[in-house]
Amino acid sequence: MSNCVVTASRLIGKNIRSLSVRWAEKPPKPGQFVNIRADGAFLRRPISVCDYFDGTLTVVFEVRGEGTRALAQCVPGQLLDVLGPLGQGFQLPKSGDVLLVGGGAGSAPMLCAAKALSGRASVILGFRGAEHVVLDREIADAAREVYITTNDGSRGFKGFPTLLMPELLKKPYAAVFVCGPRPLMKAVAQIAKDFGIPCQVSLEERMACGVGACLVCVCKTRENGAETMRRICSDGPVFDAAEVIW
Ligand SMILES: Cc1cc2nc3c(=O)[nH]c(=O)nc-3n(C[C@H](O)[C@H](O)[C@H](O)COP(=O)(O)OP(=O)(O)OC[C@H]3O[C@@H](n4cnc5c(N)ncnc54)[C@H](O)[C@@H]3O)c2cc1C
Ligand code: FES
């Protein structure tokens, strides 16, 4: 646990905020998360690491309820109780290109992943509409190419990120990583499977302890043919899509 100084707090898209803290703990890996105690909320709120650079850790989150509304009130200089980095992140293939797919706030961990892949990432980011598009420039700086889709066509391609996958996957990819709404992750995992490409999904569930102790976050997976309950906070949040029982 660490009391971190907030260094920046900004609205970056409709209802989407970026929050940076000074980070003296272990540097996070792409796909790991932090568990933040928001003012007034009993439980911490898990948020993926979006970026880490030079002792500054940044998360990007959608304001949804009590916890994220409280986080939205944070101001530079204030102390914030942040636990992390937690969980198992993405396994980066040693060679080959990786297709990253982010949906909405699920685009956040893709910045960290694109940076770690240093030029080996192609990225598809999907949003509800133009005013929800975030992190496109930052990810474009780190990735080889970035495609934007919006549900209403107000920016980029009209439709879901899956629309672009068949064309992009004509080129060889070592892996597909996805984070976003569950239906998107399921559809992306199916397309990757159809193309014979290993896929890693970053699952989300409500959490309490965030460190594997309370079993609030369990999900059903398949390991060696047998059904197993796994903890999203400590066994994940990133899983091999082939193991997930949707
Ligand atoms: C490993 C992990 C990483 C995450 N990374 C991010 C991120 O980078 N950016 C981001 O915006 N959000 C992320 N989330 C989701 C985020 O934790 C929730 O949106 C947040 O906890 C909601 O808290 P709240 O108090 O604002 O909302 P609440 O009042 O608790 O809930 C508001 C609404 O959000 C739903 N909800 C709450 N928690 C979750 C959850 N964990 N998963 C799915 N739905 C939920 C509720 O069912 C309800 O409909 C992540 C979740 C996990 C588990
Ligand atoms: S949140 Fe407690 S075990 Fe995962």
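Every number for a ligand or one of its atoms is a count from 1 in the order of the listing.
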Decide yes or no for [X] and [Y]: does some side-chain heavy atom of the first lie under 4.5 Å from some side-chain heavy atom of the second?
X	Y	result
R17	S9	yes
M185	L203	yes
P85	K26	yes
L57	V59	yes

### Query
Quick one: SG on C112 to CD1 on I139, what's the gap to the nearest 0.5 Å?
10.5 Å
### Query
What distance separates E223 CD from E243 CD, expressed to the nearest 0.5 Å?
5.5 Å
Short side-chain to backbone donor-acceptor contact, [X] and [Y], under 3.5 Å:
X	Y	value
R45	L71	no
T7	S20	yes
R22	V5	no
S154	G129	no

Provide the number and element of each atom of ligand 1 under 4.0 Å from a heavy atom of [X].
X	value
E66	25 (O), 26 (O), 29 (O)
E62	10 (C), 11 (O)
T68	24 (P), 25 (O), 26 (O)
A105	9 (N), 10 (C), 11 (O)

Considering [options] one by one, which has a heavy atom nearer to [atom] than any of the others?
atom	options	result
atom 50 (C) of ligand 1	G31, S48, G210, P46	P46
atom 35 (C) of ligand 1	R44, Q32, R64	R64
atom 52 (C) of ligand 1	E204, R206, R17	E204
atom 7 (C) of ligand 1	L203, N15, V238, V60	V60

Among protein heavy atoms, which sits nearest to [atom], and what does the distance come to when rounded to 0.1 Å?
atom	result
atom 41 (N) of ligand 1	E205 O, 2.9 Å
atom 23 (O) of ligand 1	R45 NE, 3.1 Å
atom 12 (N) of ligand 1	I47 CD1, 4.2 Å

Contact (N/O only, under 3.5 Å) between [X] and ligand 1:
X	answer
R69	no
P237	no
F33	no
G67	yes

### Task
Examine L100 and V134 and state if one hydrophobic cluster contains both, with Ile, Leu, Val, Met, Phe, Trp and Tyr joined whenever side-chain heavy atoms are less than 4.5 Å apart.
yes
### Task
State plainly whether one hydrophobic cluster holds both I197 and L117, where clusters connect Ile, Leu, Val, Met, Phe, Trp and Tyr through side-chain heavy atoms under 4.5 angstrom apart.
no
## Note on the structure
Listing protein N, O or S under 2.8 Å around atom 4 (Fe) of ligand 2 gives C217 SG, C233 SG
### Message
Taking atom CG as the centre, does D39 end up with more than 12 heavy-atom neighbours from other residues, nucleotides or ligands that are less than 6.0 angstrom away?
### Response
no
### Query
Hey, is NZ on K29 packed in by over 12 heavy atoms from elsewhere, all under 6.0 Å?
no
Counting only pairs under 3.5 Å, give me each side-chain donor-acceptor contact of residues 155-180, with atom names and distances, residues two or more places apart or in other chains.
unit_1	atom_1	unit_2	atom_2	d
R155	NH2	D136	OD2	2.8
E167	OE1	K170	NZ	2.9
Y173	OH	S122	OG	2.8

### Region of M207 engaging ligand 1 - heavy atom pairs below 4.0 Å
side chain
#### Entry: ligand 1 contact on I16 by region, counting heavy-atom pairs under 4.0 Å
neither
### Message
Please tell me if atom 21 (O) of ligand 1 is touched by the protein, where touching means a protein heavy-atom distance below 4.0 Å.
### Response
yes
